[in-house]
There are 2 protein chains.
Amino acid sequence: MHEVAEPPESGILAAAMARGDLFAEQCPSREILNHVTSRWGVLLLVALLGGTHRFSDLRRKVNGISEKMLAQTLQWLEADGFVERQAYPVIPPKVEYRLTPLGEEVGRKVEALADWIEVNLPAILAARAGRTTPEE
Amino acid sequence: MHEVAEPPESGILAAAMARGDLFAEQCPSREILNHVTSRWGVLLLVALLGGTHRFSDLRRKVNGISEKMLAQTLQWLEADGFVERQAYPVIPPKVEYRLTPLGEEVGRKVEALADWIEVNLPAILAARAGRTTPEE
DNA sequence: GTTGTCGCTAACCAAAAGTAAGTACGCACC
DNA sequence: GGTGCGTACTTACTTTTGGTTAGCGACAAC
């Protein structure tokens with residue numbers, strides 16, 4: 001497997017390697033979480049659960065995303081091993097994105113959360129309406 | 001209530017009331033999602049699954065959060081009906097935060113995602129290492 | 001008095017996201 | 001043969017947001 005430097009004085013990093021700890025400030029799991037739960041990351045993962053999509057398909061499906069953020073978020077997810085990119089060297093460019101097995105797993109977790117919010121929106125809006133709303 | 005027609009462009013708000021649609025740009029569910037999946041929102045929800053906490057308890061538990069972001073994120077979650085705030089008029093101020101039933105539900109969804117990431121961190125880091133930085 | 005605790009807030013600043021344009025290439029049209 | 005379109009981006013620039021730091025008010029301990 002892979003060797004990782006282990007500080008002798010503590011096992012924090014080693015523990016982080018064995019299993020992430022989101023409450024630890026240094027743990028790389030925080031970065032992964034930020035990618036996955038980023039504004040567009042969630043929506044892209046859910047969209048890609050529906051199967052392979054082209055760049056412009058995703059752009060149309062995920063309403064309101066800019067091309068810049070679409071490209072960037074896809075690159076994050078690709079780097080984390082959640083998304084696979086396949087480019088065809090044709091002349092109107094064609095690139096396909098699909099979830100890896102790992103990506104499908106997070107995708108389902110994220111979808112569960114997204115679904116819950118969609119279903120419970122009325123209850124949430126009701127709770128909101130019932131109090132003073134300090135919004136930002 | 002009344003049934004909504006299939007074309008998304010005609011009944012966006014009505015559909016959002018019946019059940020949120022995260023792919024719709026205007027849908028308020030997006031805002032909720034952003035609060036819940038915000039950098040600190042996730043960690044606070046998971047932390048509060050462990051029971052009632054005081055402000056400073058949360059500050060200590062969620063490593064790295066600033067007081068401003070702690071207060072702000074708690075206000076978001078409170079406004080969305082996920083967190084309940086109870087202030088005691090004593091003189092070293094004392095404020096307790098706990099999850100509402102609604103908050104406990106999202107909390108569990110979020111926890112499932114967080115757990116998955118913590119458990120699968122090694123696999124993710126391996127996938128990352130495999131494409132970005134080759135090892136020695 | 002001076003310091004420390006606690007839950008916040010206002011002022012300020014850096015990072016993220018949005019906007020708009022540019023790039024490369026071929027194709028259809030006029 | 002120039003104009004414009006469509007694709008998948010990138011780059012430069014602006015705006016929005018997130019985040020850090022400092023401080024407040026009231027009291028308790030030193």
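Throughout, a chain's letter reflects where its sequence line sits, starting with A, and its residues are numbered from 1. As a basis for the values below, the full set of heavy atoms in this structure was taken, side chains included, without hydrogen atoms, waters or symmetry mates.
Here the rule is ring-ring contact (aromatic ring centres under 6.0 Å, His included) with His35(B), and of Phe82(B), Trp76(B), Trp40(B) only Trp76(B) fits it. Exactly one of Glu111(A), Glu104(A), Glu105(A) qualifies for a salt bridge (charged side-chain N to carboxylate O under 4.0 Å, His left out) with Arg108(A). That residue is Glu104(A).
With rounding to whole Å, Leu58(A) atom CG is found 9 Å from dA8(D) atom P. At whole-Å resolution of the value, CG in Leu70(A) and P in dT11(D) are 16 Å apart. Rounded to an integer number of Å, the gap from Leu74(A) CG to dA8(D) C1' is 11 Å. Distance, Phe55(B) CZ to dG7(C) C1': 5 Å, rounded to whole Å. Separating the CD atom of Gln86(A) from the P atom of dA8(D) is a distance of 13 Å, rounded to the nearest angstrom. The NE2 atom of His53(B) sits 13 Å away from the P atom of dG7(C) (whole-angstrom rounding). Rounded to an integer number of Å, the gap from CD1 of Ile91(A) to P of dA24(C) is 12 Å. Put simply, CZ on Arg59(A) is 11 Å from P on dA8(D), counting in whole angstrom units.
Glu96(B) comes within contact range of no nucleotide atom at all, as no heavy-atom separation falls under 4.0 Å. Among the protein residues, Tyr97(B) comes within range of the sugar-phosphate backbone only, with heavy atoms under 4.0 Å from sugar or phosphate atoms but none that close to a base.
Inspection of the Gln86(B) and Arg98(B) side chains reveals an N or O donor paired with an N or O acceptor under 3.5 Å.
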Tell me, for nucleotides 15-23 of chain C in 5' to 3' order, what letter each nucleotide earns: B for a base near a protein heavy atom under 4.0 Å, S for only sugar-phosphate near one, - for neither? --BBB----
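Side-chain N/O atoms of Arg54(B) include none lying less than 4.0 angstrom from OP1 or OP2 on dT5(C). At dT10(D), one or more side-chain N or O atoms of Gln75(A) fall inside 4.0 Å of OP1 or OP2 (strictly under the cut-off).
Side chain of Thr100(A) to main chain of Gly81(A): a donor-acceptor pair is present (N/O by atom type, distance under 3.5 Å, no hydrogens or angles). Checked by atom type and distance alone, the side chain of Arg19(B) never pairs as donor or acceptor with a backbone atom of Val119(A) at under 3.5 Å.
In this structure, the side chain to side chain donor-acceptor pair (under 3.5 Å) partners of Asp57(B), at least two apart in sequence or on a different chain, are Arg60(B).
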Apply the test side-chain contact (heavy atoms from CB on, under 4.5 Å) to residues Thr52(B) and Tyr97(B): give CA-CA distance (whole Å), side-chain angles for both, the deciding distance (0.1 Å), then the verdict. CA-CA 6 Å; Thr52(B) 299; Tyr97(B) 293 92; over 6 Å; no
